[in-house]
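Each remark here refers to the structure printed beneath this line.
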Amino acid sequence: PMTSQTLIMKEVLKDNEEINASGIKNGDTLRLVYNFGKRVKKLPNQKIKIPIVTFNTNKKFEVIVSKNIFVYEIMQIIQREKGIDINKQQLIFHGVNLEREQRLNYYNITHEMHLSVTK
């Protein structure tokens with residue numbers, strides 16, 4: 001079902017958006033994230049504070065987000081607030097590269113757990 005699907009190019013594509021309005025061109029790669037066999041339900045919107053360290057400069061900053069946020073949404077925040085291109089980011093938690101289409105709670109990331117971002 002459509003409610004179990006998310007289409008991602010550089011960011012999540014909006015429902016009901018026309019292809020030409022989304023900037024998709026011939027040769028672009030799209031990723032379809034599907035929640036296999038599970039019903040999609042509204043998740044509680046509990047906010048958590050995530051300290052982030054930039055790997056190259058060792059500068060620290062914090063974001064306050066829902067623990068159910070997608071990794072790519074955090075990458076969008078980093079791009080917007082710190083100017084690090086989303087396509088050059090890699091988020092790391094305990095040595096694991098986080099996949100864009102996963103939610104933070106998939107990795108059991110909770111309040112005050114640190115992430116690193118490389119560029």
Side-chain angles (χ1 to χ4, degrees):
M2 286 180 49
T3 57
S4 299
Q5 301 173 22
T6 303
L7 196 56
I8 302 172
M9 190 166 86
K10 292 179 184 171
E11 58 188 46
V12 173
L13 301 177
K14 297 179 180 111
D15 288 342
N16 300 322
E17 184 175 21
E18 291 186 25
I19 295 222
N20 58 356
S22 67
I24 297 172
K25 301 181 297 295
N26 188 19
D28 284 344
T29 300
L30 302 177
R31 294 182 358 188
L32 177 65
V33 179
Y34 183 73
N35 190 0
F36 290 102
K38 297 178 184 172
R39 292 188 69 121
V40 174
K41 60 182 180 181
K42 187 162 177 68
L43 300 170
N45 194 20
Q46 181 182 359
K47 298 287 185 182
I48 57 174
K49 180 170 42 174
I50 303 291
I52 299 177
V53 178
T54 55
F55 188 77
N56 302 24
T57 63
N58 213 26
K59 291 184 179 177
K60 298 178 185 177
F61 60 96
E62 295 177 345
V63 294
I64 297 175
V65 296
S66 164
K67 70 179 189 173
N68 300 311
I69 193 171
F70 285 99
V71 171
Y72 64 81
E73 292 175 296
I74 293 178
M75 296 170 88
Q76 289 172 332
I77 292 169
I78 294 169
Q79 178 174 293
R80 185 175 60 247
E81 294 185 9
K82 299 299 175 184
I84 302 171
D85 187 316
I86 196 168
N87 295 312
K88 295 181 180 176
Q89 292 180 37
Q90 184 64 57
L91 284 178
I92 301 168
F93 176 66
H94 289 287
V96 175
N97 292 333
L98 306 185
E99 296 180 34
R100 291 176 180 228
E101 62 274 359
Q102 293 294 348
R103 294 181 186 270
L104 281 189
N105 59 0
Y106 174 83
Y107 297 100
N108 295 317
I109 296 172
T110 58
H111 189 70
E112 295 283 344
M113 290 186 163
H114 287 73
L115 297 179
S116 296
V117 61
T118 62
K119 56 180 181 172

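Heavy-atom basis, side chains included; hydrogens, waters and symmetry copies ignored.
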Taking all atoms of both residues into account, what is the closest heavy-atom pair of [X] and [Y], and its distance?
X   : Y   : result
K47 : I64 : CB-CG2, 4.2 Å
L91 : M75 : CD1-CG, 3.8 Å
E62 : P51 : CG-CA, 4.1 Å
V65 : I77 : CG1-CD1, 3.9 Å

Requested in this report: Only counting residues at least two apart or in another chain, list the ones meeting side-chain hydrogen bond (donor to acceptor under 3.5 Å, both in side chains) with K82.
Outcome: none

Query raised in the report: Checking side chain to side chain contact (heavy atoms under 4.5 Å, CB included) against L98, which of Y72, F93, Y106 comes through?
Result: F93

Query - Matching residue for T54 among K59, Q89, K60 - test: side chain to side chain contact (heavy atoms under 4.5 Å, CB included) - result: K59

Report summary line: Interatomic distance, CG@N105 vs CG@N68, rounded to 0.5 Å, equals 4.5 Å

Query - Euclidean distance, I78 CD1 relative to E73 CD, rounded to 0.5 Å - result: 12.5 Å

Query raised in the report: Are any non-hydrogen side-chain atoms of R100 and I86 less than 4.5 angstrom apart?
Result: yes

Query raised in the report: How about V71 and E99: do any of their side-chain heavy atoms sit closer than 4.5 Å?
Result: no

Query raised in the report: Do the side chains of I74 and F61 join up, straight or via other hydrophobic residues, at under 4.5 Å, putting them in one cluster?
Result: yes

Query raised in the report: Taking the side chain from H111 and the backbone from K49, do they hold a donor-acceptor pair closer than 3.5 Å?
Result: yes

Report summary line: side-chain contact (heavy atoms from CB on, under 4.5 Å) filter on N97, not counting sequence neighbours, yields Q90, I92

